[in-house]
There are 2 protein chains.
Amino acid sequence: MRIPFEEVKATLKEILMGRNTPEPYAEEVAHVLAQNSLDGVYTHGINRFVALINSIELGSVLPTETACRVSGLGGYEIWDGRSGLGIVNARICTQRAIELAKTHGIACVSIRNSNHWLRGGTYGIMAAQAGMLGIIFTNARANMCAWGTMEHCLGNNPLVMAVPRKNGEHVIMDTSFSQYSYGKLQLAKLEGRTMPDPAGYDDEGNLSSDPTEVLRCKRLISMGKWKGSSIAMLLDLITSVSSFGYSSAAMAAMEGTDERACSQTFIIINPFALGEQEQADAIVDEALEMVLGATPVPGETVRYPGQAMLGIRKENTQLGIPVHEKVWNKILSLK
Amino acid sequence: MRIPFEEVKATLKEILMGRNTPEPYAEEVAHVLAQNSLDGVYTHGINRFVALINSIELGSVLPTETACRVSGLGGYEIWDGRSGLGIVNARICTQRAIELAKTHGIACVSIRNSNHWLRGGTYGIMAAQAGMLGIIFTNARANMCAWGTMEHCLGNNPLVMAVPRKNGEHVIMDTSFSQYSYGKLQLAKLEGRTMPDPAGYDDEGNLSSDPTEVLRCKRLISMGKWKGSSIAMLLDLITSVSSFGYSSAAMAAMEGTDERACSQTFIIINPFALGEQEQADAIVDEALEMVLGATPVPGETVRYPGQAMLGIRKENTQLGIPVHEKVWNKILSLK
């Protein structure tokens with residue numbers, strides 16, 4: 001079924017307000033979640049709403065709290081998320097880093113004790129819309145094997161990078177560091193497909209491309225094997241040290257299974273303080289043309305990160321947001 | 001054969017000075033190259049010296065020039081490398097970013113028109129030794145396929161991340177974005193091994209793990225397939241836009257085959273301006289212990305990035321730097 005953006009947003013907002021969320025935060029979170037689904041990022045939009053409400057009911061997300069500034073030097077600030085709504089906190093930090101970059105050229109806001117920000121691309125788009133470059137990352141409770149380990153000891157630690165373009169067709173990358181998500185594995189299992197590459201270790205420590213086996217063993221491996229494992233580890237260390245917050249390991253040591261108290265880092269660079277957007281656009285256009293103009297490998301369609309989003313957004317704006325009936329009914333039952 | 005560090009350094013320095021390199025730059029470049037080999041990074045130390053001398057003789061590296069500041073706002077500055085020695089320029093930028101981070105908390109120095117910095121880890125170590133976090137990257141002339149393209153349209157764009165520890169056992173990651181380097185493929189070919197994962201596309205666009213075939217077709221793929229391809233693309237865009245310099249595509253469009261005029265970005269965060277190193281050490285120790293204490297997959301040894309370096313450095317300091325006799329004789333012939 002398809003439901004108009006405004007109806008989705010109003011429904012989510014009403015439910016959040018019914019869970020003690022102040023009106024402005026309920027408005028903001030409902031808008032971002034509906035927007036994520038509108039943009040085609042279904043895994044990090046409406047589909048996660050029930051889990052968010054669970055986290056509020058468990059008390060790992062405190063919907064009345066928001067981030068406050070702890071300390072700062074020039075363009076670098078540490079904030080405390082005070083267990084508030086991850087989306088509200090991450091938007092505060094992005095906006096603050098954008099403001100700081102206006103006067104300092106570059107800014108880094110690192111937040112501790114925050115919660116899941118849902119879709120990282122949300123904050124990359126904010127940076128690009130402000131005409132800024134963004135390098136933005138979060139850690140996660142350890143949910144992935146480091147390369148060569150049988151146990152989870154790294155988060156999949158999503159990384160977002162954003163490059164603005166004057167025409168609004170920004171380049172927005174948003175990737176996590178597992179080679180395949182649980183969502184992709186579940187889909188492959190349903191369709192009876194094996195993965196084209198190893199997705200995890202089995203109980204003997206052998207690499208497996210069988211989604212059923214990997215879903216059973218829950219030992220996801222990092223993308224690019226040892227390379228992605230190293231990058232995920234360093235992103236975790238940089239965000240937890242720069243915020244003096246919890247690492248993926250420290251989060252894993254907490255009681256319960258709900259993810260909370262994550263660390264996030266928002267680095268924003270203000271290039272148009274020192275140069276013209278037209279010149280930057282020419283640089284970006286030339287680089288993208290080389291990729292988009294290359295001969296594709298048979299069967300592949302080549303796109304730059306974020307390219308498909310505007311088309312999906314347009315379609316979903318016209319036709320409504322696609323939602324599984326079961327998911328929507330579950331959400332309505334929370335009213 | 002093994003040659004003492006000081007002898008290697010003196011030899012390289014003499015040859016550089018014989019190629020019109022001012023004494024301080026010759027000293028610096030010789031020291032860094034010898035140090036890279038001392039640290040076990042043989043691919044980016046002495047073994048590249050002949051290629052560096054070639055670039056000087058070709059005129060793509062101008063050894064009398066060094067980077068100068070173009071413009072700046074707060075902690076963000078643009079520098080012009082003026083085609084100088086990549087190592088000298090990258091050290092100037094790292095040092096400048098460290099200085100800026102002392103007063104601004106975070107800094108970004110982006111340089112254009114520079115040259116190959118050899119080993120990225122060199123600059124990560126500088127950041128860590130100054131008690132700072134580093135996120136440092138360079139682009140490269142397009143030498144890798146984007147995911148799904150038959151032609152080279154991305155650089156392998158090395159990324160360095162550094163986290164300081166009080167005991168000097170810093171975490172230093174230095175990775176490029178091809179799944180396998182040409183060096184690793186050549187070694188596997190010599191030893192008659194296939195790669196454990198696809199390393200490139202063949203002439204029909206099929207993925208191949210055969211090193212002979214991949215070396216022939218020269219269509220290296222990115223690590224983690226589409227994920228590494230996206231990250232490499234964004235690093236290139238961010239460094240070329242923030243320096244208003246050349247992208248990997250623009251470099252590929254230049255005459256000749258020698259790489260020149262690359263863009264590099266040095267982001268430095270000063271965490272100990274806002275917190276105690278002891279607290280950061282505790283965060284890092286806990287995260288590393290989780291990885292190092294995990295059950296290893298049979299046959300794997302788990303290490304954090306940079307862990308092996310100090311041992312190799314100690315051994316090579318005692319026994320001398322291992323150098324292929326052929327390489328060393330070639331270097332001596334340049335005197």
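Source: prediction; values computed, not measured.
- Ranked by heavy-atom pairs under 4.5 Å with chain A, the list B:Gly245, B:Ala249, B:Gly74 is led by B:Ala249.
- Atom CD1 of B:Ile283 sits about 10.0 Å away from atom CG of A:Asp236, to the nearest 0.5 Å.
- In this structure, the portion of A:Trp226 lying under 4.5 Å from any heavy atom of chain B is its side chain and not its backbone.
- For chain A, the option among B:Ala142, B:Ala282, B:Ala250 with the highest count of heavy-atom pairs below 4.5 Å is B:Ala250.
- Residue-environment remark: CZ (B:Phe137) exceeds the threshold of 12 foreign heavy atoms within 6.0 Å.
- Note that the SG atom of A:Cys108 and the CD1 atom of B:Ile268 stand 12.0 Å from one another [nearest 0.5 Å].
- For A:Ala107, the part sitting under 4.5 Å from any heavy atom of chain B is the backbone (N, CA, C, O) and nothing else.
- Taking 4.5 Å as the limit, some side-chain heavy atom of A:Met233 sits within range of a side-chain heavy atom of B:Leu288.
- Within a 6.0 Å radius of CD in B:Glu300, more than 12 heavy atoms belonging to other residues, nucleotides or ligands are found.
- In this structure, the side chains of A:Ile267 and B:Ile135 come closer than 4.5 Å at one or more pairs of heavy atoms.
- Side-chain atoms of A:Arg219 and B:Val297, non-hydrogen and from C-beta on, never get closer than 4.5 Å to each other.
- In this structure, the separation between OG on A:Ser240 and CD on B:Gln279 is 10.5 Å, given to the nearest 0.5 Å.
- Within the 3.5 Å criterion, the main-chain N or O of B:Thr295 finds a donor-acceptor partner in the side chain of A:Glu151.
- Of the listed residues A:Ala253, A:Ala294, A:Pro298, the one with more heavy-atom pairs under 4.5 angstrom with chain B than any other is A:Ala294.
- Atom SG of A:Cys153 sits about 12.5 Å away from atom CD of B:Glu289, to the nearest 0.5 Å.
- Judged by distance alone, the side chain of B:Lys227 and the main-chain N or O of A:Ser176 form a donor-acceptor pair under 3.5 Å.
- Listed options B:Gly72, B:Ser243, B:Ser110, B:Ala273 were ranked by heavy-atom pairs under 4.5 angstrom with chain A; first place goes to B:Gly72.
- Your options are B:Leu100, B:Thr175, B:Ile172, B:Ile231, and the one with the most heavy-atom pairs under 4.5 Å with chain A is B:Ile231.
- Listed options B:Tyr304, B:Trp147, B:Phe244 were ranked by heavy-atom pairs under 4.5 angstrom with chain A; first place goes to B:Phe244.
- With rounding to the nearest 0.5 angstrom, the CD1 atom of B:Ile106 is 11.5 Å from the NE2 atom of A:His104.
- Contact check for A:Pro196 versus B:Lys225: side-chain heavy atoms found under the 4.5 Å cut-off.
- Considering only heavy-atom pairs separated by less than 4.5 Å from chain A, the leading option among B:Glu77, B:Glu276, B:Met150, B:Glu204 is B:Met150.
- The CG atom of A:Leu235 lies 7.5 Å from the CE atom of B:Met173; values are rounded to the nearest 0.5 Å.
- Chosen from A:Tyr201, A:Phe272, A:Phe177, the residue pairing most often with chain B at heavy-atom distances under 4.5 Å is A:Tyr201.
- Looking only at heavy-atom pairs under 4.5 Å with chain B, the residue among A:Ser222, A:Gly148, A:Gly299, A:Ser230 that has the most is A:Gly148.
- Residue contact with chain B, scored on non-hydrogen atoms closer than 4.5 Å, involves the backbone of A:Ala101 exclusively.
- Within a 6.0 Å radius of OH in A:Tyr246, other residues, nucleotides and ligands contribute 12 heavy atoms or fewer.
- Between chain B and the options A:Leu274, A:Val302, A:Leu159, heavy-atom pairs under 4.5 Å are most frequent for A:Leu274.
- A side chain to side chain contact (heavy atoms under 4.5 Å, CB included) with B:Leu133 is found for exactly one of A:Val241, A:Thr265, A:Leu234, namely A:Val241.
- Proximity to chain B is limited to the side chain of A:Ala146, based on heavy atoms less than 4.5 angstrom apart.
- For A:Ile269, the part lying near chain B is the side chain, with the backbone staying farther off; criterion is any non-hydrogen pair under 4.5 Å.
- Counting heavy-atom pairs under 4.5 Å between each of A:Ile238, A:Val171, A:Val163, A:Asn206 and chain B puts A:Ile238 at the top.
- Between chain B and the options A:Leu154, A:Val70, A:Asn270, A:Leu207, heavy-atom pairs under 4.5 Å are most frequent for A:Asn270.
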